[in-house]
Amino acid sequence: MPINILMPALSPTMEKGNLAKWLKKEGDKIKAGDVIAEIETDKATMEFEAADEGTLGKILVPEGTQDVAINQPIAVLLAEGEKADAAATAAPAAKAAPAVALGAPSPQPSSSRGEGAVAPAGPAAPKPASAPTPAAAAVPSPQRGEGQGEGAPRSTNGSGGRTFASPLARRLAKEAGIDVSRVQGSGPHGRVVKSDIDAAKSGKVPLAAPVAGAAAAAKAPIAPSMSDAQVMKLFEDGEYDVVPHDNVRKIIARRLVEAKTTIPHFYLTVDTEIDALMQLRAEINAASPVTDGKPKWKVSVNDLVIKALAMALMRVPDANVTWTEAGMLRHKRADVGVAVSIPGGLITPVVRHADTKTISQISIEMKDLAARARNRKLAPQEYQGGTTAVSNLGMFGIKDFAAVINPPHATILAVGAGIETPVVREGKVEVRTIMTCTLSTDHRAVDGALGAQLLGAFRELIEKPAGMLA
């Protein structure tokens, strides 16, 4: 019976892809491992290899088609003896397949070899003798697995230090006389793809020094995640409740995966003395006008942190940036996002022009943004964009932590609690209120020295807060 060739998921976050080119035509014989098409994802152009053999009976999605959903049939493979007119029966069967229910085995991201991408057309369809078993089809090949973004180390087989590369990349490297093991891959798990060879040929990216033997082997690929069903089998029935994810939690999860797998995080930590800051805060609050028995503003330490970080970015403009492949975006103002906890997750409303607003203005605006964020009443323009962010867990007694960068930001500041701490000053022990802050940076845009400059400017404003009133 005809077998559907499905649009593969070539990255953990891929939902759609472009079918750039068919490398086989209808009627061509196909063997397992043959490259049959080129698929464009949001990160790279990758070759799609057949997992089974047969004849390409019908192409359902022509080359050049944009935004093809994963698991959508793109072609039909015929087994030996089947006729081309049978191919038309495969597509309707695939479309009629029911959606995966919560708790059922979820489709796994297919590897570039196509494991899991070719499936029988109907639930009772017999598999050809050479077709993969369901267990094998559900698990991507570990050597070609997905899950890491650009900048990940080259994957190896754990024994010989072999570099993994797409067949197209290997062919282009051979034609150009380039040792593919010296090319830093930007594909999933550091896999070398076509764009890496093009960059090496142009000289834009230097080749790594030659290495040999197992000592040069990089980390082994991360094993694919278990399916929902596999996880649930670890626990007894009736001992847990399934709480479906809402859209906010799904978006948060996707963004966190994107951040940790595509952004090379670098961390810098500094202790700041905030006794003068606390004194300034008390004076600002004491000066607040009172209306109907309520003060117009009540400034928090977090409001002062927002102001200090915004001004620090303006003092160190090279750190007030966003990384893009086309070039660095250097911002002319400081828009600071602030992490706000909401039921089921968090959201980051943005204080625009925080560098030019007064501390009391920031306080009033943040109170309004936080209240509407918790009620999910923010407009998209109120939580999208920004040039940096602040995450403060000091009110929970957390001393220090490192936050995950929120794309497209290049930095995020994690703020801990102010804790009375003995410090030595001119040979004498004094008690000071110390607040620990950790700056996470996108090392592509803000390296260690630049991050240190930004954190130094921030510390100066926190410890000499009168500078924020100038």
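Across Asn302, Asp303, Thr358, a single residue satisfies side-chain hydrogen bond (donor to acceptor under 3.5 Å, both in side chains) together with Ser363, and that is Asp303.
The distance from the CD1 atom of Ile419 to the CD1 atom of Ile434 is 9.5 Å, given to the nearest 0.5 Å. Within the model, atoms CD1 of Ile359 and CD1 of Ile364 stand 12.5 Å from one another, a figure rounded to the nearest 0.5 Å. For the atom pair OG (Ser288) and NZ (Lys294), the distance works out to 12.5 Å, reported to the nearest 0.5 Å. The CZ atom of Phe401 lies 10.5 Å from the OG1 atom of Thr269; values are rounded to the nearest 0.5 Å. We find the NZ-CZ distance between Lys260 and Arg255 to be 15.0 Å, quoted to the nearest 0.5 Å. Distance CD1/Ile36 to CD/Glu49: 9.5 Å, rounded to 0.5 Å.
Side chain to side chain, Thr438 and Asp400 fail the donor-acceptor criterion of an N or O pair below 3.5 Å.
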**Request:** Under the salt bridge (charged side-chain N to carboxylate O under 4.0 Å, His left out) rule, what do Lys428 and Glu430 come out as? Steps first, then yes or no, please.
**Result:** CA-CA 6 Å; Lys428 297 180 180 179; Glu430 301 176 357; over 6 Å; no

**Request:** Could you give me the CA-CA distance, side-chain angles and deciding distance for Leu329 and Thr324, then say whether side-chain contact (heavy atoms from CB on, under 4.5 Å) is met?
**Result:** CA-CA 7 Å; Leu329 307 184; Thr324 72; 3.9 Å; yes

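No side-chain donor-acceptor contact under 3.5 Å links His443 to the backbone of Thr441. Side-chain atoms of Asn375 come within 3.5 Å of backbone atoms of Ala371 as a donor-acceptor pair (strictly under, hydrogens ignored). Distance alone, capped at 3.5 Å, places no donor-acceptor pair between the Lys357 side chain and the Lys307 backbone. The main-chain N or O of Ile263 is never found under 3.5 Å from a side-chain atom of Trp323 such that the two would form a donor-acceptor pair.
Annotation: side chain of Arg372 is in contact with side chain of Leu369 (closest heavy-atom distance under 4.5 Å). The closest side-chain heavy-atom distance from Met435 to Val301 is below 4.5 Å. With contacts defined as side-chain heavy-atom distances shorter than 4.5 Å, the pair Val336/Ile362 does not qualify.
The 12-atom threshold is not exceeded at CD of Glu420, counting heavy atoms of other residues, nucleotides or ligands nearer than 6.0 Å.
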